[in-house]
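The next block holds one structure in the form of C-alpha cells; read it before the comments.
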Amino acid sequence: MNIKSLMNQMTIEEKIGQLLQIAPFFFIKELDIEVSGHVNTLSMTHQKIFSSGSVLGIGNAEEMIQVQTKYLQENRHKIPLMFMADIIHGYETIFPVPLALSCSWNPGLVKNVARISALEAQTSGIHVTFSPMVDLVRDPRWGRVVESFGEDPYLHEVYAKAMVEGYQNEDIKKVGHIASCVKHFAAYGLSEAGRDYNTVDLSRVSLHNQFLPGYKAAIDAGARLIMTAFNVLDGIPSTVNQYLLRDVLRKTWKFQGVTISDYDSLHQVIAHGCAKDDYEAAYRGISAGLDIEMASLCYVNHLKTIISEGKISCDLLDEAVERVLTLKNDLGLFENPFKGADPNLAKALVRSEKHLDFSRKVAHESMVLLKNDGILPLKQQKVALLGLYATSRETNGPWSWHGKNDLNASLEEALIAAGIQVCYVQRQEDPNQIPKEDYPMIESADVIVIAIGEHTKQSGEAHSRSILEIPFEQDKLIHDAQRFNKPIVTLLYNGRPLILESIQSSNAILETWFSGSMGNHAIADLLNGNINPSGKLTMSFPRNVGQIPIYYNHLNTGRPQVLGVQNEYVSYYLDVSNQPLYPFGYGLSYSNFKYQSIQLSKNQMTKNETLSLEVQITNDSDRGGYEVVQLYLRDVVAYISRPVMELKGFKKIWFSPHETKVVSFDIHHDMLSYRNEYGEDVFEYGTFKAMVGSDSLHVLSTDFDFVKE
Ligand code: BGC
C-alpha cells in the first residue's frame with residue numbers, strides 16, 4: 001500500500017479518525033463490552049465511528065469478523081480497523097501473572113509465554129497487545145504491581161526484550177505475530193502512596209537510571225507502540241508531556257512507532273488542571289506527539305478547528321496518521337483485514353494440551369518457597385486441606401479476560417491427581433472456622449495444608465490497598481489449626497507482596513501468586529516433590545506497611561545504619577528493622593546451595609577490558625535443583641550517590657546432587673556507567689564492589705578498580 005498516495009485522497013476528518021480508538025459496541029450495539037469514562041457519555045456520529053482507526057478489546061474471531069466487515073462496507077477508502085487488546089499473561093491459556101513470571105528469572109520461558117499468547121490471541125483477529133508493562137514498582141499497596149516485573153531496572157530490561165520478541169517474532173506481517181505496545185510511559189509504578197492514578201514526583205536522575213530503562217529496552221527490541229501513563233511527570237501529564245514524547249522518545253531513542261494514550265487519559269488532562277477543555281487537551285496532545293487517543297474524543301471533536309485556526313500545522317496531523325497507517329500496512333492488514341481471525345484455528349490452538357503443559361511448567365518456575373523447616377516435599381503423608389482456596393478454581397488472576405477460571409482444577413482435585421492422599425477438605429460457609437465435628441478427620445492427617453490469600457479483585461488496576469496483612473483474617477485459621485499439633489504448610493494466592501509476620505508459625509510457606517490455568521497442578525507438583533522450587537522474589541516483602549517503599553537498590557544516605565554498631569542518629573526505625581522480611585532475589589529450594597571463594601581474574605580493569613568473576617557453588621543435598629546465581633555491583637564513589645547494590649547479571653543453573661560448579665560472570669564497562677539527569681551515560685573511574693549470592697542480602701563480595709587505559 002502506498003501510504004502517501006492514500007493520505008492524499010483522505011479528507012481531514014478521515015485522517016483525524018485514524019487517531020481515534022473506540023470499543024466494539026460503537027460499531028455493533030450488541031457487542032456490549034464494559035465501557036467506562038468520558039467516551040461513554042458522548043454520542044458519536046455515524047461518520048465519525050466509521051472513520052475511526054482502531055478498536056479496543058474484542059471477544060473472539062466471529063465478533064472481529066462482524067465488526068471489520070461492517071466497517072469496511074461503510075469506510076470510503078476501505079482502510080481496515082486495527083484491533084488492540086490487553087493480552088497480559090495469556091489469552092485463554094493463562095500463565096502466571098507478570099510479577100510471578102518475573103520470579104522465574106527465566107527470560108527464555110517468558111519469551112515463549114508471549115509467543116503462545118500471540119498465537120492464541122491472533123485467532124480472534126487481535127493485532128496489537130497492550131503488553132509488556134514495564135513500570136518499575138516499589139510499593140505493594142499499588143494493585144498494579146501484579147502486572148510488573150518488580151523493583152529492578154535490569155530485570156525490566158531483560159523481560160521487556162523477551163516479551164516484545166515473543167509477541168512480534170521479528171516480522172509482524174506474518175499470521176501469528178502481533179505487535180507489542182509497551183506501557184505506561186513513564187514511571188506510573190511510582191503512584192504516590194500506592195494509590196492508583198495518583199501523582200508521581202521523581203528526580204530526573206532516578207527517572208533515567210531506574211524507571212526508563214525498561215521502556216527503552218522494549219523499544220530497542222522493536223516494540224511498535226508505546227502507551228502513555230495516567231500520571232504527571234514534572235507536573236505535566238505523561239500523555240501530553242513533550243519531554244517524554246519528543247525529547248526522550250523520538251529524539252534520543254529514535255522511536256518511529258505509534259504513541260497511544262491510556263484509557264481516556266487525554267481527556268483527563270483537564271482533571272489534572274493542565275487544560276481548560278477537550279480543545280486544549282487535543283492541542284497539547286498533538287503538539288507533544290501523541291498519535292492515537294484511546295476512548296476519549298478530544299482529537300475527533302477539535303483537531304480540525306485547531307488546524308484551521310492555524311494553531312498547529314497540518315504536518316503534525318499527517319505525521320501521526322502516517323505512523324498509524326504504516327503500522328496497519330506493516331501488520332499486513334491492507335492485504336488481509338481479517339488477519340488471523342479464524343474460529344477453526346482457535347479451536348485447535350487455543351488452550352491446547354501443549355499450551356497447558358507449558359503453562360504448568362511456567363507456574364513451577366514462578367512460585368517462590370519462602371519458608372521450609374523440612375516438611376516439604378511431602379513424603380506420603382495424609383493431608384488435611386483447609387482455607388478459602390482449598391476448593392476454589394480462581395487461579396487466573398487479574399487481566400485474564402479471555403481465560404475461564406471454571407476450566408481450572410481446584411487444589412483438592414490437583415492434589416488427588418498428583419497422588420497426594422487428601423483425608424479432609426474444609427467446605428463450610430465460613431472459611432476461617434474449623435467446624436468442631438470435623439476435628440477427628442483433621443486429627444487423622446499427618447500434615448495440614450492451608451490455602452489462603454487475596455481475592456482476584458484485590459489486585460490489578462484501581463485495586464490499591466492500604467492494609468497488606470492477609471485479608472479476611474484468614475491467618476486466624478492458621479492459628480486455630482495449631483490446636484492439632486501437626487505441621488502446617490501455607491499456600492499463598494495473591495498478586496502482591498503481603499505482610500506475612502502473622503503466619504510465620506507455619507512450617508512451610510509457598511508463594512504461588514495467581515499462577516494461571518494450571519496453577520493448582522503446579523502446586524501439587526511442588527508439594528509432592530516432583531518438581532523442586534526455583535523461583536526467587538523480584539519485589540521485597542516488607543515486615544509492615546510502614547517500611548514501604550522498600551527496595552534493595554536504594555541509596556546509602558549520609559547516615560546509614562551499620563548492623564551491629566549502636567548509634568542513635570542513623571537512618572533507621574525505632575520499631576522495625578530496615579530489612580524486609582524477605583529480600584529481593586530470595587527463594588528457597590529443596591536443594592541446599594553453598595557459595596564459596598569469589599575470585600576476579602584481575603583487580604582492575606580499563607574500558608576495553610573484561611573482568612571475569614568466578615564463584616564456586618556446591619549443591620550440598622541429595623536433591624538436584626536449579627539455583628539463580630545473582631551478580632550485583634556497587635559504584636563506591638561517584639559524583640552522584642549510587643545505589644548500595646544493583647543487579648547486573650544472573651544465571652539459572654542446574655546442579656545435580658552434591659555437585660560443585662564454578663560459575664562465572666563477565667564484567668564489562670557498560671555495567672559500570674550511570675545516567676545523569678540528561679539521560680547521558682557517565683563513566684567514572686574508581687573502586688567498585690562486586691557481589692555474588694543467592695539473594696540480595698546474602699552475598700560474597702570483592703573489590704576492583706576501574707582505571708584509565
Ligand atoms: C489501563 C491500560 C490498558 C487500557 C486498555 C487502562 O485502564 O491502564 O493498561 O491497556 O486500560 O484496556
Side-chain angles (χ1 to χ4, degrees), residues 20-26 31 33-40 52-59 82-91 97-99 114 117 121 124 126-137 142-149 156 160 163-164 167 178-191 194-200 214-215 218 223-233 237-239 258-269 271-272 290-296 397-403 457 459-464 495:
L20 175 64
Q21 176 161 112
I22 47 178
F25 88 91
F26 281 95
L31 300 182
I33 293 168
E34 188 193 347
V35 174
S36 59
H38 183 59
V39 74
N40 204 17
S52 59
S54 54
V55 176
L56 165 63
I58 197 77
M82 183 158 49
F83 287 76
M84 309 198 190
D86 292 284
I87 308 301
I88 306 297
H89 52 114
Y91 175 71
V97 290
L99 186 60
S117 305
S124 45
I126 290 166
H127 309 127
V128 175
T129 175
F130 295 130
S131 168
M133 177 182 116
V134 292
D135 302 331
L136 185 124
V137 290
W142 194 48
R144 300 195 81 168
V145 302
V146 69
E147 298 171 57
S148 166
F149 299 129
H156 277 275
M163 287 207 106
V164 172
Y167 290 130
I178 62 177
S180 163
C181 175
V182 60
K183 66 190 187 186
H184 306 86
F185 193 54
Y188 179 31
L190 209 60
S191 280
R195 208 180 71 222
D196 206 2
Y197 314 125
N198 204 1
T199 301
V200 167
Y215 311 104
R224 298 299 301 264
L225 303 94
I226 191 163
M227 185 188 292
T228 63
F230 286 121
N231 54 278
V232 297
L233 208 76
S238 300
T239 301
V258 170
T259 56
I260 179 168
S261 78
D262 201 345
Y263 197 101
D264 191 41
S265 70
L266 186 55
H267 171 70
Q268 289 165 21
V269 171
H272 280 294
L290 176 75
D291 297 337
I292 300 180
E293 87 172 300
M294 183 198 298
S296 63
W399 291 109
S400 50
W401 306 122
H402 297 89
K457 292 222 162 122
S459 59
E461 185 177 349
H463 294 124
S464 297

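Atoms considered below: every heavy atom in the structure, side chains included; atoms not considered: hydrogens, waters and symmetry mates. For ligands, and for the atoms within them, numbers begin at 1 and follow the listed sequence. These numbers were taken from a predicted model, which means no experiment stands behind them.
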Note to self: Using a 4.0 Å cut-off to any heavy atom of Phe230, which atoms of ligand 1 qualify?
What the structure shows: 7 (O), 8 (O)
Checklist line | Closest approach of Leu20 to Ser296 (non-hydrogen atoms, all atoms of both residues) | finding: CD1-O, 3.3 Å
Note to self: Which label fits His127 and Phe83: parallel for a plane angle under 30°, tilted from 30 to 60°, or perpendicular past 60°?
What the structure shows: perpendicular
Note to self: Less than 4.0 Å is my threshold; does some heavy atom of Met227 fall inside it relative to ligand 1?
What the structure shows: yes
Notebook entry, point to check: Taking all atoms of both residues into account, what is the closest heavy-atom pair of Arg195 and Ser191, and its distance?
Noted result: O-CB, 3.3 Å
Next item on the list: Would you kindly specify which portion of Gln21 sits under 4.0 Å from ligand 1, judged on non-hydrogen atoms: side chain, backbone, both or neither?
Entry: neither
Next item on the list: Identify the heavy atoms of Leu290 and Thr228 that sit nearest to each other, and give their distance.
Entry: CD1-CG2, 4.0 Å
Next item on the list: Give the numbers and elements of all ligand 1 atoms closer than 4.0 Å to a heavy atom of Arg144.
Entry: 1 (C), 2 (C), 8 (O), 9 (O)
Checklist line | Phe130 neighbourhood, listing ligand 1 atoms whose heavy-atom distance to it stays under 4.0 Å | finding: 10 (O)
Item checked: Close-contact set for ligand 1 against Lys183 heavy atoms, below 4.0 Å -> 2 (C), 3 (C), 9 (O), 10 (O)
Next item on the list: Considering the heavy atoms of Glu461, write down every atom of ligand 1 situated less than 4.0 Å from one of them.
Entry: 1 (C), 6 (C), 7 (O), 8 (O)
Notebook entry, point to check: Pick from Trp399, Tyr263, Tyr197: which one makes a side chain to side chain donor-acceptor pair (under 3.5 Å) with Glu461?
Noted result: Tyr197
Item checked: Closest approach of Ala229 to Thr239 (non-hydrogen atoms, all atoms of both residues) -> O-OG1, 3.4 Å
Margin query: Just to be sure I read this right, does ligand 1 sit under 4.0 Å from the backbone of Met133, its side chain, both, or neither, counting only heavy atoms?
Written below: neither
Note to self: Using a 3.5 Å cut-off on N or O atoms only, is Asp86 in polar contact with ligand 1?
What the structure shows: yes
Notebook entry, point to check: Counting from 1, what ligand 1 atoms have a heavy atom of His184 closer than 4.0 Å?
Noted result: 2 (C), 8 (O), 9 (O)
Next item on the list: Considering the heavy atoms of Asp262, write down every atom of ligand 1 situated less than 4.0 Å from one of them.
Entry: 1 (C), 2 (C), 3 (C), 4 (C), 6 (C), 7 (O), 8 (O), 11 (O)
Check: Which heavy atom in Met294 sits nearest to a heavy atom in Ser261, and how many Å separate them?
Finding: N-OG, 2.8 Å
Check: What are the atoms of ligand 1, with element, lying closer than 4.0 Å to any heavy atom of Tyr263?
Finding: 6 (C), 7 (O), 11 (O)
Note to self: What I want to check is whether the side chains of Ser124 and Tyr91 have a donor and an acceptor closer together than 3.5 Å.
What the structure shows: yes
